[in-house]
Amino acid sequence: MAEKITSRSVDYSQWYLDIVLNAKLADYSPVKGCMVIRPRGYAIWERLRDELDRRFKATGHVNAYFPMLIPMSFLKKEAEHVEGFAPELAVVTHGGGEELDEPLVLRPTSETIIWDKYRDWIQSWRDLPLLINQWANVVRWEKRTRLFLRTAEFLWQEGHTAHETSKEAEEETLRMLEVYRSFAEEFLALPVVAGVKSDSEKFAGAVRTYTIEAMMQDRKALQAGTSHFLGQNFAKAFDVKFQSREGKLEHVWASSWGVSTRLVGALIMTHSDDKGLVLPPTLAPEEVVIVPIFKGDSKPAVLAYGERLATALKSLGLRVVFDSDESNSPGWKFAEWEMRGTPVRIELGPRDMEAGKVVLVRRDTGEKEIVAVEAAPARVRELLGLIQANLLERARAFRVENTKSIGTRDEMLAFFSKEGAGTADATGGFAEALWCGSAECEAGLKAETKATLRCMPMDRQEGISGTCALCGAPAKHRAIFSRSY
RNA sequence: CGGGACGUAGCCUAGAGGCCAAGGCGUCAGCUUUGGGAGCUGAAGAUCGCGGGUUCGACUCCCGCCGUCCCGACCA
């Protein structure tokens, strides 16, 4: 059969789509910009969601659910907020066959409807902190959509917290950023840079936005999660006050933070290759697949050999699929499970059986090894750990390799003019440079190169001295610039 | 929302005004097979994206719309 997946080097966008569609993660919907998440894609989301939910609860948060329909007037209460979302709102104007008195918006995010309730729920410092998360769908009428990366409707979680002091709210903001960072690296094997957004890139309504940024294989940046310090903006807009320990009436301080189904897109674009999806073992619906190879009358014996091994693997708690289906050839199955991203494949046939061995194949490197069948379960478990670690390290090495320290404007322009080199959609990667802090400077670079300020890495702000790589003014920050999704 | 490309069976492609729309993959049945997407035989499967128009005749030409992808402006 013909090659199903377009090579990354030929057309990166098409490669990504080929994987999403061929690995049956998602499909198009009759409504423009919306997507159907297919069972295999949803299984990945569920694993991701469950682990994140566990980490939220471990840090003291509880789940709740707020409605999808929000009165238009709520959005308008926070000026910057409504301005930021107005262009992408979907609005419900009719209900029950009649025009509504007030249009309702499909939530693009839930700050407003949540803070409307917080006003009632928060009276005293004893009601704080309030640490609520919700898992929900949101709608943003995007002009240009891409499966998982940007769709008109997507699934996400949004945490909304209220605190007594600015310091506590900012600590919460940073705590959740760290939850995202560690989750991305430990669970998704997605190396990220944690940092602060510039004013022009921050969330509409936030005082400060923190982000985790990942580098995809085409060297573009992808914002994988954000955590916002909201100050008292929403508390003031929705008049949420509490009586402090000193007996004074004060507005509460807030944070909000979220990650979405976009993470599934990030996973695909970070780890996968021209043979298909590559999944970290933590997220794979099945960690290991066994493909038996029959020859002549060896079938019953080979099947039994495979079944025994499957049982042994399961007894270690591993997620195992025994692909004993007879209608497809072994070669077909090898390719198919590679397309699906299963981390480890075990091949076993009459020759292996006679020798008491099996063949183990790693999805991440393609390496094969032959081991004694009794040793296989322990070795598989070991391999899964190695694969998980290798995916993270491989992606991190790629990012480091494609991150360059830039000192001058000319260097910067040269860095981002590499378009077309290497992969079809290549960019220079991450440019790390000193920056004066001016929005004009940032906008100028964007106009010339499409590169935006992704973040100011939090661990790289010590000892800033020198001049802005863009304009030569005294530098205030060290920032990462890149083209992005 | 602008510019470009494309839309023919589940998927990919041929047909470029003229008889019954062609082939490959996949699907189904049977046989034969199985160490990297096997083989043979047979079968099913298409309002040619939708709507108008030109024409004796439209998958083919014209107009409009819808959708997908790519490139721009905007965004998780």
Side-chain angles (χ1 to χ4, degrees), chain A residues 1-6 11-14 16-18 21-22 24 27-35 83-89 108-109 137-158 180 197 200-204 209 211-214 221-228 256-266 275-276 291-299 302-303 323-339 345 347-353 358-359 361 366 368 370 419 424-425 446-447 450 452 484-485:
Chain A
M1 185 200 270
E3 197 65 32
K4 278 186 165 178
I5 307 255
T6 304
D11 185 339
Y12 190 81
S13 295
Q14 192 59 48
Y16 172 77
L17 280 168
D18 286 349
L21 297 173
N22 285 310
K24 297 184 170 59
D27 209 340
Y28 293 106
S29 106
V31 176
K32 182 179 169 65
C34 293
M35 77 188 288
E83 194 183 325
F85 282 106
E88 50 193 65
L89 290 180
T109 178
N137 57 339
V138 287
V139 173
R140 297 178 188 179
W141 215 258
E142 298 290 348
K143 302 287 161 90
R144 199 170 155 190
T145 58
R146 259 144 96 56
L147 297 175
F148 286 115
L149 298 175
R150 178 168 297 106
T151 45
E153 178 194 15
F154 57 93
L155 305 183
W156 78 342
Q157 60 67 217
E158 45 182 326
Y180 287 155
K197 285 288 189 189
S200 50
E201 297 281 335
K202 76 177 170 61
F203 173 72
T209 290
T211 178
I212 51 172
E213 298 281 327
L222 185 135
Q223 180 174 306
T226 48
S227 185
H228 315 289
S256 72
W257 25 274
V259 299
S260 71
T261 34
R262 174 181 250 197
L263 283 176
V264 177
K275 290 192 219 169
V291 178
I293 297 150
F294 319 123
K295 256 211 179 76
D297 52 10
S298 67
K299 189 157 83 182
V302 169
L303 280 172
D323 186 359
S324 58
D325 173 55
E326 292 176 37
S327 57
N328 291 122
S329 70
W332 189 92
K333 292 177 187 175
F334 297 165
E336 183 64 17
W337 288 104
E338 280 166 356
M339 171 85 75
R345 177 175 75 243
E347 308 173 2
L348 48 87
R351 292 207 302 268
D352 307 300
M353 187 175 63
V358 295
V359 180
V361 189
K368 293 191 178 190
I370 298 172
E419 190 167 6
D425 209 13
K446 185 177 179 181
K450 318 289 181 231
T452 52
S484 71
Y485 280 93

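Lettering follows sequence order; numbering is per chain, from 1. Since the model is a prediction, treat every value here as computed from it, not as a measurement.
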Open item on the list: Base, sugar-phosphate or nothing for A/Val359? Non-hydrogen atoms, less than 4.0 Å.
Closed with: base
- [ ] Looking at every strand, decide which applies to A/Lys368 at a 4.0 Å heavy-atom threshold: base, sugar-phosphate, or nothing.
- [x] base
TODO: Report which part of the nucleic acid A/Thr151 touches: base, sugar-phosphate, or nothing (heavy-atom distance under 4.0 Å, all strands).
DONE: base
TODO: Go through B/G37, B/A73, B/C75 for me and flag the one nearest to the A/Arg144 side chain.
DONE: B/A73
- [ ] Give A/Phe154 one of three labels, base, sugar-phosphate or nothing, depending on what nucleic acid heavy atoms sit under 4.0 Å from its own.
- [x] base
Task: Close side-chain approach of A/Arg140 and A/Thr109, heavy atoms under 4.5 Å - done: yes
Open item on the list: Heavy atoms only, 4.0 Å cut-off, all strands: where does A/Pro292 land among base, sugar-phosphate and nothing?
Closed with: nothing
TODO: Would you mind classifying the nucleic acid contact of A/Leu149 as base, sugar-phosphate or nothing, using non-hydrogen atoms under 4.0 angstrom?
DONE: base
- [ ] Answer with base, sugar-phosphate or nothing: what part of the nucleic acid does A/Ser260 contact at a heavy-atom distance below 4.0 Å?
- [x] base
Task: Dot-bracket encoding per residue of RNA chain B, Watson-Crick/G-U cut-off under 3.5 Å, | denoting interstrand - done: ((((((((.[[[[.)..(...]]]].(((((.......))))).....[[[[[..)....]]]]])))))))....
- [ ] Name the nucleic acid region contacted by A/Gly265, choosing base, sugar-phosphate or nothing; use a 4.0 angstrom heavy-atom cut-off, strictly under.
- [x] nothing
With 3.5 Å as the limit, what N/O pairs link the protein to nucleotides 5-12 of chain B?
none

Task: N/O donor-acceptor pair under 3.5 Å between A/Lys333 side chain and A/Asp323 backbone - done: yes
Open item on the list: For the C1' atoms, the ones on B/C11 and on B/A46, what distance do you get once it is rounded to whole angstrom?
Closed with: 14 Å
Open item on the list: Can you check the distance between B/U68 and B/C31, where both ends of the measurement are the P atom (answer in whole Å)?
Closed with: 45 Å
Open item on the list: Once you apply a heavy-atom cut-off of 4.0 Å, does A/Glu142 come out as touching a base, just sugar-phosphate, or nothing?
Closed with: base
Task: Protein-nucleotide distance (A/Gln14, atom CD; B/C71, atom C1'), rounded to Å - done: 15 Å
Open item on the list: Does the structure place the NZ or CZ of A/Arg345 under 6.0 Å from the centre of the six-membered ring of A/Phe334, at an angle of no more than 45° from the ring's axis?
Closed with: yes
TODO: Using a 4.0 Å heavy-atom cut-off across all strands, classify A/Lys333 as base, sugar-phosphate, or nothing.
DONE: nothing
Open item on the list: Once you measure the plane-to-plane angle for A/Trp257 and A/Tyr180, does it fall in the parallel (<30°), tilted (30-60°) or perpendicular (>60°) bin?
Closed with: perpendicular
- [ ] Ignoring hydrogens and angles, answer whether the base of B/G35 and the side-chain atoms of A/Asp352 contain a donor-acceptor pair closer than 3.5 Å.
- [x] yes
Open item on the list: Within the 4.0 Å heavy-atom criterion, would you say A/Pro330 contacts the bases, only the backbone, or no part of the nucleic acid?
Closed with: base
